[in-house]
Amino acid sequence: MKCPYCKFTESKVIDSRPTVDGESIRRRRVCLQCGKRFTTYETIETSSLMVIKKDGSRQPFDREKLMRGIVKACEKRSVTKAQMDALLTDLEQKLYARQENEVSSRIIGEMVLERLVQIDEVAYIRFASVYRDFKDVHSFMEELMRMKNSVRSIEKNRE
């Protein structure tokens, strides 16, 4: 592990502990040359997941790109960073549990929408407007009706 301060390649681990979510290990290190401390995280390397886009092209799954879309949809809403992280972590776990190397962007979008409608209805509509590429007010209204029916069924299941 290269020291971020002096770039020396040798360090000593002085503390290790799992992160709160249990998905990685946090390690405190000390550089054997300059003596400064720094933190590293060790995570499981998953097999690469390819996303099949609408146009048929393929690109690697990019957690950060998806997070930017979710953050944009939740902008100025009462959705916490923890809720967005939990949504994305849950989605990733479900995608990798499918044990498939490729997944369509449509499936990913629907999975995000399924969770967003439970978290914040406005964020849901914002994400859907980009994901579903509304062409006019009519298609926007159709989505509002779809969301309204979805919320009703969720509320009915809670009762």
Side-chain angles (χ1 to χ4, degrees), residues 1 4 15-29 37-159:
M1 187 60 57
D15 183 41
S16 290
R17 62 182 68 179
T19 56
V20 175
D21 63 5
E23 297 293 320
S24 58
I25 303 284
R26 178 184 183 271
R27 299 199 192 282
R28 287 293 291 157
R29 297 175 177 270
R37 294 178 178 205
F38 58 99
T39 303
T40 61
Y41 292 89
E42 180 181 316
T43 59
I44 295 173
E45 185 174 84
T46 55
S47 60
S48 63
L49 181 64
M50 295 301 284
V51 178
I52 305 168
K53 307 296 281 185
K54 289 178 187 176
D55 66 2
S57 66
R58 287 168 169 71
Q59 65 183 35
F61 175 76
D62 184 351
R63 178 187 170 96
E64 294 308 312
K65 181 178 178 183
L66 188 54
M67 180 56 103
R68 285 191 301 273
I70 293 168
V71 167
K72 191 73 171 165
C74 296
E75 197 171 62
K76 297 183 181 179
R77 301 296 302 157
S78 61
V79 180
T80 66
K81 175 87 167 84
Q83 286 175 303
M84 290 184 270
D85 282 335
L87 182 157
L88 201 47
T89 298
D90 182 52
L91 181 130
E92 272 187 305
Q93 288 172 348
K94 287 179 179 174
L95 289 174
Y96 285 111
R98 294 166 54 103
Q99 298 181 347
E100 295 175 9
N101 293 334
E102 296 182 332
V103 64
S104 90
S105 60
R106 182 187 57 76
I107 290 172
I108 294 172
E110 292 300 326
M111 290 171 78
V112 171
L113 288 173
E114 190 177 294
R115 289 289 304 271
L116 272 179
V117 76
Q118 298 169 12
I119 295 170
D120 187 279
E121 293 172 358
V122 172
Y124 170 91
I125 290 296
R126 287 178 177 170
F127 191 88
S129 71
V130 173
Y131 166 68
R132 294 214 169 109
D133 193 24
F134 298 148
K135 300 289 185 214
D136 53 29
V137 174
H138 179 70
S139 59
F140 186 80
M141 291 302 293
E142 284 177 354
E143 186 61 35
L144 282 173
M145 293 308 293
R146 189 178 303 129
M147 182 197 71
K148 186 176 177 182
N149 292 335
S150 176
V151 169
R152 281 185 186 155
S153 68
I154 290 169
E155 289 172 351
K156 191 176 265 188
N157 290 338
R158 286 184 186 159
E159 295 173 352

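Excluded from the calculations below are hydrogen atoms, water molecules and symmetry mates; all remaining heavy atoms, backbone and side chain alike, are included.
Note that the CD atom of Q59 and the CG atom of L49 stand 11.0 Å from one another [nearest 0.5 Å]. To the nearest 0.5 Å, atom OG of residue S57 and atom CE of residue M50 are 9.0 Å apart. A distance of 4.0 Å separates CD in E102 from CD1 in I52, rounded to the nearest 0.5 Å. Of the inter-residue distances, the one linking I108 atom CD1 with L113 atom CG reads 12.0 Å to the nearest 0.5 angstrom. The distance from the CD1 atom of I25 to the CD atom of E42 is 6.5 Å, given to the nearest 0.5 Å. Remark: M84 CE to I119 CD1 distance equals 9.0 Å, nearest 0.5 Å.
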Could you walk me through whether Q83 and D120 pass the side chain to side chain contact (heavy atoms under 4.5 Å, CB included) check? CA-CA 10 Å; Q83 286 175 303; D120 187 279; over 6 Å; no
May I have the step-by-step check of side chain to side chain contact (heavy atoms under 4.5 Å, CB included) for K81 and M67, ending in yes or no? CA-CA 10 Å; K81 175 87 167 84; M67 180 56 103; 4.0 Å; yes
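The nearest pair of heavy atoms linking G109 to F127 is O-CE2, 4.1 Å. Shown here for D85 and R63, the closest heavy-atom pair between the two residues is O-NH2, 4.1 Å. The two residues L116 and C74 come nearest to each other via the heavy atoms CD2-SG, 4.0 Å. A pairwise comparison of heavy atoms in Y41 and S24 identifies CD2-OG, 4.2 Å as the closest pair.
Within 6.0 Å of the NZ atom in K54, the count of heavy atoms belonging to other residues, nucleotides or ligands exceeds 12. Around CD of Q93, the count of heavy atoms belonging to other residues, nucleotides or ligands within 6.0 Å exceeds 12. Shown here is M141, whose CE atom has no more than 12 heavy atoms of other residues, nucleotides or ligands within 6.0 Å.
Contact of the L66 side chain with the E92 side chain is not registered, since no non-hydrogen atoms from C-beta on lie closer than 4.5 Å. Looking only at side-chain heavy atoms (C-beta outward), M1 and R27 stay at 4.5 Å or farther from each other. By the 4.5 Å heavy-atom criterion applied to side chains, L91 and R115 are not counted as neighbours. Between V20 and R26, every side-chain heavy-atom pair lies at or beyond the 4.5 Å cut-off. Looking at K72 and R126, their side chains never come closer than 4.5 Å, going by heavy atoms from C-beta outward.
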